[in-house]
Amino acid sequence: MIVCANFKANKTRQETQAYMAVVESFVSANNISDTVIVFPPFTALEHLPRNVLIGVQNAYPVQNGAFTGEIALEQLEEFAVTTILIGHSERRHILGETQETVAAKFRFFAEKGFTIVYCVGEPLEIREEGNEALMDYISNQFEGIDLEYPDLIVAYEPVWAIGTGLTPSVRDIELLHGALREKTKAPLLYGGSVKVDNAGEIMTLENVDGVLVGSAALSANDFCDMIAQAAELS
Ligand code: PGA
């Protein structure tokens with residue numbers, strides 16, 4: 001199983017250090033062999049030796065250069081970061097990233113050998129249009145994405161389920177993940193209002209290889225609880 005925590009624009013550097021101390025000691029004390037990835041804000045990146053992977057939530061697809069306000073490869077290399085989240089719905093819908101931008105990021109970081117957690121997911125109005133519209137929408141989010149990239153992890157996160165407490169039914173998650181499985185051999189994560197109470201059930205579903213957790217992962221103890229649930233299933 002793969003269990004990921006996406007901090008978004010939450011937690012200071014100090015809070016992240018305290019959080020990582022809890023999660024890292026939990027992972028060693030329990031001999032967890034599942035993949036655990038934490039995506040802190042850039043300001044909390046560190047050089048520590050880790051048993052937990054650290055990824056970034058975004059980056060600009062260049063080595064370095066005149067891109068005011070952006071973080072590029074050179075700055076990630078300084079922290080030995082080789083894992084990145086691309087295509088998250090907040091970047092697509094709030095920060096206005098187009099499929100073209102997302103695909104350019106994908107190409108650049110794939111060429112650099114990064115592990116890419118690539119997110120797709122539909123807004124509510126698309127889901128309400130029915131299955132065909134839903135699958136078309138998701139397929140368009142794979143435009144320009146190499147689904148055979150060996151270090152790809154795909155995360156299905158319905159926009160309407162992120163941070164809302166709403167989740168699709170287990171049947172709907174299985175249907176969608178079944179359709180994704182036909183497109184790619186990559187591990188498939190579910191994300192969108194995953195919490196301690198539903199993580200275990202979601203991870204038992206067919207074609208679900210892990211979870212990507214936002215708000216409920218902000219508590220280190222709750223995140224450890226979800227890691228433990230994953231480990232029990234592995
Ligand atoms: P959530 O966020 O768990 O708060 O719904 C998930 C995500 O955005 O990755």
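For ligands, and for the atoms within them, numbers begin at 1 and follow the listed sequence.
The same ILVMFWY cluster, assembled from side-chain heavy atoms under 4.5 Å apart, contains both Met20 and Val27.
With values rounded to the nearest 0.5 angstrom, Asn58 atom CG is found 3.5 Å from Lys105 atom NZ.
Using a 4.0 Å cut-off to heavy atoms of Gly163, the atoms of ligand 1 that qualify are 1 (P), 4 (O), 5 (O). Close approach to Asn6 involves these atoms of ligand 1, each under 4.0 Å from a residue heavy atom: 9 (O).
Within the 4.0 Å heavy-atom shell around ligand 1 one finds Gly192. In this structure, Lys195 does not count as a contact residue of ligand 1, since none of its heavy atoms falls inside 4.0 Å of the ligand. At least one heavy atom of Ala161 sits closer than 4.0 Å to an atom of ligand 1. Under a 4.0 angstrom heavy-atom cut-off, Gly191 registers as lying outside contact with ligand 1.
Of the protein's non-hydrogen atoms, the one nearest atom 7 (C) of ligand 1 is Glu157 OE2, 3.1 Å. In terms of protein heavy-atom proximity, atom 3 (O) of ligand 1 is nearest to Gly214 N, 2.8 Å. If you check which protein heavy atom lies closest to atom 2 (O) of ligand 1, you get Lys8 NZ, 3.2 Å.
Ring orientation note: the planes of His177 and Tyr156 are nearly perpendicular, at an angle over 60° on the 30°/60° scale. Using bins of under 30°, 30° to 60° and over 60° for the plane-to-plane angle, the ring pair Tyr19/Phe7 lands in the perpendicular bin.
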Apply side-chain hydrogen bond (donor to acceptor under 3.5 Å, both in side chains) to residues Gln17 and Glu46 and explain how you reach the verdict.
CA-CA 9 Å; Gln17 278 166 359; Glu46 298 253 18; 2.3 Å; yes
When you look at Lys112 and Thr82, which way does the side-chain hydrogen bond (donor to acceptor under 3.5 Å, both in side chains) test go after all the steps?
CA-CA 9 Å; Lys112 303 295 174 193; Thr82 56; over 6 Å; no
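Distance alone, capped at 3.5 Å, is enough to place a donor-acceptor pair between the Thr184 side chain and the Leu147 backbone.
Residue nearest to atom 4 (O) of ligand 1, selected from Ser193, Ser215, Ala216: Ser215 (by heavy-atom distance).
When only interatomic distances are considered, the shortest N/O to N/O separation between His88 and ligand 1 falls below 3.5 Å. Between Glu90 and ligand 1, not a single N/O pair is under 3.5 Å apart.
Contact annotation: for Ile162 versus ligand 1, heavy atoms closer than 4.0 Å belong to both the backbone and the side chain.
Trp160 and Glu125 form no side-chain donor-acceptor contact under 3.5 Å, judged by distance and modelled atom types alone. Side-chain atoms of Thr101 and Thr98 include a donor-acceptor pair closer than 3.5 Å.
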